[in-house]
Amino acid sequence: MPELPEVETIRKYLNKTILRKRIVNIKVFSKKQFPNNSEEIVGAKILSVKRRAKNLIIELSNEKTLLIHLKLSGQLLWRPKTLNKTTRIVIVFDKGELVFNDLRKFGWIKILNLDQLDLELKKFGPEPFSKDFSIKYLQKVFKKSIRPVKTILLDQEKIAGIGNIYANEALSEAEISPQKPVKALTIEEIKKLRKAILLVLRQGIKYNGASAADKLYLKPDSSNGSYQQHFRIYQKNGEKCKKCNTIIERINLGGRGTFFCPKCQNMSRFRYI
DNA sequence: ACTTCAACCTGTGGGC
DNA sequence: TGCCCACAGGTTGAAG
Ligand SMILES: [Zn+2]
C-alpha cells in the first residue's frame, strides 16, 4: 500500500498528533509483527516522527526508536471508531490510541536503539527530494544495469521510496517504456525521468496519497487519499491513453503489475539487444 | 556480483 | 452458491 507520499502523509499527521504524548500500554495481537518486549518503551514520550524510504521512525525519550514498515496493507489509525479483525497492534497513549491494522500481516514494528536504527537504514539509496538524487547519480547507477528501468525504480537500494504506483506513473509521465534496459536510457530520458519522479511524488503528497481500488490505504484519521483520481496509467489497462487514445496495456514485470501506453511509451522503434 | 522469483498472508472480484 | 484463478501501494532470501 504505502509508498513515499502515503508514508509522508502519515508522518506529517502523526508528528502533529502524538508528539510529546506518553506511551502507557501496548496491546499485541500478532506477535511476529511486534517481536520485541513492549515493556522497553512503556513510559517513554514521543520526540519526533520521521521517514526514511517507506519506513516511519518514531524517536522516543529513552534513547530508543520505533521503526515501522506498513508493507502492502498496513494502516496506522489515530483513535479509530472501532478495532476490526485486521487490528494487529494497539499503542495506548496517556491520551488516545494509535491502531496498527494490517490485513496481510507483512508489516511490522520494531524497537531499536540508535545504533541498530543506523544499521537498518544505511542500505537505502538517496531520498528523491535530497540533493543526492542528481542526474549524475542516476547516470552512474543506470549505466551499471541491464534490468528494465521500472525494476530499478522499485529498488530501494538505488532510490528510496518509489513503489509500484509511482513507478508506473513516473514512466507514463516521462513517456518511457517500463521494459527499456536502464543502461540504454539517453541523458535526455534520464533528465525527463528524474523530473517526472519528482512531479508524481509531489502530486501524491499534495493529494494525501493514493487509495487505489482496494482502498487499503487510509490516512490516520481513517479518510482516503485522493491521488487515485489523478492516475494517468496505474490499473487503467483497457482504458484509453489520455494523450493518444491508444488502449493501455498491462504486463507483468518482476512480478508486479505494469501499465503503459504502447504508443507513448514504446520501445519498438529502437533495438537494444 | 548480478538477476530472478517464490515466499510471506488474507482477502476481493470475475468467469464458469 | 461454489470453485478456481488472477490480482493486490513490499521486501527478502535462496537459487541460478
Ligand atoms: Zn498514449
Side-chain angles (χ1 to χ4, degrees), chain A residues 1-11 29-35 51-56 67-76 84-89 100-110 119-121 123-125 128 141-172 179 181-183 197 200-201 203-205 207-219 224-238 249-259 273:
Chain A
M1 146 219 280
E3 310 179 29
L4 187 155
E6 288 75 29
V7 178
E8 183 62 18
T9 300
I10 295 168
R11 184 200 69 76
F29 306 113
S30 173
K31 187 72 178 77
K32 72 158 198 167
Q33 296 183 266
F34 194 104
R51 181 191 59 76
R52 177 79 172 99
K54 299 167 191 167
N55 296 269
L56 278 170
L67 186 66
I68 302 179
H69 202 301
L70 301 171
K71 293 289 179 81
L72 284 158
S73 61
Q75 305 171 333
L76 282 172
N84 63 41
K85 65 181 176 183
T86 73
T87 299
R88 312 301 180 195
I89 297 155
F100 179 87
N101 292 341
D102 188 5
L103 171 67
R104 295 179 70 180
K105 296 185 173 178
F106 293 155
W108 42 254
I109 300 179
K110 296 178 195 172
L119 214 60
E120 291 258 359
L121 297 182
K123 64 184 171 194
F124 293 108
V141 169
F142 286 4
K143 74 179 180 195
K144 282 192 286 196
S145 175
I146 60 160
R147 297 158 84 195
V149 55
K150 177 161 176 270
T151 309
I152 296 291
L153 297 188
L154 293 173
D155 185 340
Q156 302 299 299
E157 296 184 15
K158 304 296 187 296
I159 306 169
I162 301 176
N164 204 31
I165 290 178
Y166 295 91
N168 276 297
E169 292 294 315
L171 288 165
S172 167
Q179 304 175 82
V182 72
K183 66 156 62 168
I197 289 168
V200 300
L201 293 176
Q203 289 178 339
I205 293 170
Y207 291 105
N208 298 306
S211 300
D214 53 15
K215 295 217 173 174
L216 245 26
Y217 164 69
L218 297 177
K219 295 188 287 175
N224 292 321
S226 54
Y227 192 50
Q228 65 280 4
Q229 295 166 22
H230 304 273
F231 283 170
R232 300 154 181 75
I233 206 92
Y234 183 72
Q235 289 180 335
K236 290 200 179 291
N237 44 326
E249 291 181 13
R250 181 194 184 283
I251 58 168
N252 194 296
L253 205 57
R256 316 302 303 280
T258 300
F259 309 87
I273 302 167

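Please read all numbers here as calculations on a predicted model, not as lab measurements. In the text below, chain A, chain B and the rest are named by the order of the sequence lines, each starting its count at 1.
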**Student:** Using the C1' atoms only, state how far C/dA15 lies from B/dA1, rounded to an integer number of Å.
**Tutor:**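 The answer is 14 Å between these two C1' atoms.
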**Student:** If only atom types and distance count, is the side chain of A/Ser226 paired as donor or acceptor with the main-chain N or O of A/Tyr207 below 3.5 Å?
**Tutor:**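 Yes, A/Ser226 side chain to A/Tyr207 backbone: donor-acceptor pair under 3.5 Å.
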**Student:** Can you measure A/Lys215 atom NZ to B/dG11 atom C1' for me and round it to whole angstrom units?
**Tutor:**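 Atom-to-atom, A/Lys215 to B/dG11, this comes out as 17 Å.
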**Student:** Could you tell me how far apart A/Lys183 (NZ) and B/dC2 (P) are, to the nearest whole angstrom?
**Tutor:**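 The distance from NZ of A/Lys183 to P of B/dC2 comes to 12 Å, rounded to the nearest Å.
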**Student:** Quote, to the nearest angstrom, the P distance that separates C/dC5 from B/dA7.
**Tutor:**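 The answer is 16 Å between these two P atoms.
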**Student:** By the 4.0 Å heavy-atom rule, please label A/Leu154 as base, sugar-phosphate, or nothing.
**Tutor:**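 No contact at all - A/Leu154 keeps every heavy atom at 4.0 Å or more from the nucleic acid.
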**Student:** Sticking with atom C1', work out how far B/dT12 lies from C/dT11, rounded to a whole angstrom.
**Tutor:**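 My reading of the C1' atoms in B/dT12 and C/dT11 gives 23 Å.
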**Student:** For A/Asp155, enumerate each residue passing the side-chain contact (heavy atoms from CB on, under 4.5 Å) test, keeping only those at least two apart in sequence or located in another chain.
**Tutor:**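 Applying side-chain contact (heavy atoms from CB on, under 4.5 Å) to A/Asp155 gives A/Arg147, A/Glu157, A/Lys158.
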**Student:** Does A/Lys105 have a side-chain nitrogen or oxygen under 4.0 Å from the phosphate oxygens OP1 or OP2 of B/dC8?
**Tutor:**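 Answer is no, no contact under 4.0 Å.
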**Student:** Assuming nearest nucleotide by heavy-atom distance, tell me which of A/Glu120 and A/Ala213 is located more 5' along DNA chain C.
**Tutor:**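 Result of the comparison: A/Ala213.
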**Student:** Side chains of A/Tyr166 and A/Glu6: donor-acceptor distance under 3.5 Å anywhere?
**Tutor:**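 Their side chains do contain a donor-acceptor pair, which is all the 3.5 Å distance test asks for.
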**Student:** Calculate the interatomic distance between A/Trp108 atom CH2 and C/dT11 atom C1'; express it in whole Å.
**Tutor:**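 Going from CH2 in A/Trp108 over to C1' in C/dT11 covers 10 Å.
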**Student:** Under 4.0 angstrom, heavy atoms only, what part of the nucleic acid is A/Tyr166 near: base, sugar-phosphate, or nothing?
**Tutor:**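 A/Tyr166: no heavy atom of the nucleic acid under 4.0 Å.
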**Student:** Can you tell me, in whole Å, how much space there is between the C1' of B/dC8 and that of C/dA8?
**Tutor:**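 B/dC8 and C/dA8 have their C1' atoms separated by 14 Å.
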**Student:** Testing A/Val200, A/Leu201, A/Ile162 one by one against A/Glu169 for a side-chain contact (heavy atoms from CB on, under 4.5 Å), which residue passes?
**Tutor:**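 Testing each of A/Val200, A/Leu201, A/Ile162 against A/Glu169, the sole residue satisfying side-chain contact (heavy atoms from CB on, under 4.5 Å) is A/Val200.
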**Student:** If you measure from the P atom in B/dC9 to the same atom in C/dC7, how many Å do you get, rounded?
**Tutor:**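 Their P atoms lie roughly 22 Å apart.
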**Student:** Identify which nucleotide among C/dC7, C/dG10, B/dT10 has an atom closest to any side-chain atom of A/Leu72, counting heavy atoms from C-beta outward.
**Tutor:**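 In terms of side-chain proximity for A/Leu72, the closest of C/dC7, C/dG10, B/dT10 is C/dG10.
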**Student:** In whole Å, I'd like the distance from the CG atom of A/Asp102 to the C1' atom of C/dG10.
**Tutor:**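 Answer to the nearest Å: 11 Å.
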**Student:** What interatomic distance, in whole Å, is found between C1' of B/dG13 and the corresponding atom of C/dG10?
**Tutor:**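 The same atom, C1', in both gives a distance of 22 Å.
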**Student:** Between A/Gln228 and A/Gln235, is there a side-chain heavy-atom distance shorter than 4.5 Å?
**Tutor:**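 They are not in contact (no side-chain heavy atoms under 4.5 Å apart), so the answer is no.
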**Student:** Contact class for A/Lys123 vs. all strands (heavy atom < 4.0 Å): base, sugar-phosphate, or nothing?
**Tutor:**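 Result for A/Lys123 = sugar-phosphate.
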**Student:** Looking at A/Ser145, does any N or O in its side chain come under 4.0 Å of the phosphate oxygens OP1/OP2 on B/dT3?
**Tutor:**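 Checking A/Ser145 against B/dT3: at least one side-chain N or O falls below 4.0 Å of OP1 or OP2.
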**Student:** Just to be sure I understand the rule, does A/Gly255 reach a base, reach only the sugar-phosphate, or reach nothing, if contact means heavy atoms closer than 4.0 Å?
**Tutor:**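 If one applies the 4.0 Å heavy-atom cut-off, A/Gly255 turns out to touch nothing in the nucleic acid.
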**Student:** Using 30° and 60° as the class limits, which term best fits the ring planes of A/Tyr234 and A/Phe231: parallel, tilted or perpendicular?
**Tutor:**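 A/Tyr234 vs A/Phe231 ring planes: perpendicular.
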**Student:** Using the six-membered ring for Trp and the full ring for Phe, Tyr or His, decide whether A/Phe106 stacks on the six-membered base ring of C/dT11 (centres under 5.5 Å, planes under 30°).
**Tutor:**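 Stacking between A/Phe106 and C/dT11: absent.
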**Student:** Start with the C-alpha gap between A/Thr258 and A/Leu171, add the side-chain angles, then the distance that decides, and say whether side-chain contact (heavy atoms from CB on, under 4.5 Å) holds.
**Tutor:** CA-CA 10 Å; A/Thr258 300; A/Leu171 288 165; over 6 Å; no
**Student:** Given C/dT11, B/dT4, C/dA8, identify the nucleotide with an atom nearest to the side chain of A/Asp214.
**Tutor:**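 My answer, after comparing the listed nucleotides, is C/dA8.
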**Student:** With a 3.5 angstrom cut-off on both distances, give the Watson-Crick or G-U wobble partner of B/dC9, or none if there isn't one.
**Tutor:**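 Per the H-bond distance test, none.
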**Student:** Atom NZ of A/Lys71 to atom C1' of B/dG11: distance rounded to whole Å?
**Tutor:**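 To the nearest whole Å, that distance equals 18 Å.
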**Student:** Rounded to whole angstroms, how far apart are CZ on A/Arg88 and P on B/dC8?
**Tutor:**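 Atom-to-atom, A/Arg88 to B/dC8, this comes out as 16 Å.
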**Student:** Taking 4.0 Å as the cut-off, does a side-chain nitrogen or oxygen of A/Gln156 come that near to OP1 or OP2 on C/dT11?
**Tutor:**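 It does, given that an N or O in the side chain of A/Gln156 lies less than 4.0 Å from OP1 or OP2 of C/dT11.
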**Student:** Distance check needed: C/dA6 P versus A/Arg256 CZ, whole Å only.
**Tutor:**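 From A/Arg256 CZ to C/dA6 P: 18 Å.
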**Student:** B/dC9, OP1 or OP2 - any side-chain N/O from A/Lys32 closer than 4.0 Å?
**Tutor:**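 Yes, such a contact exists.
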**Student:** Strictly below 4.0 Å: does A/His69 bring a side-chain N or O up to OP1 or OP2 of C/dG10?
**Tutor:**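 A/His69 to C/dG10 OP1/OP2: no side-chain N or O under 4.0 Å.
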**Student:** What is the distance, rounded to the nearest whole Å, between atom CG of A/Leu153 and atom C1' of C/dG10?
**Tutor:**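 Going from CG in A/Leu153 over to C1' in C/dG10 covers 15 Å.
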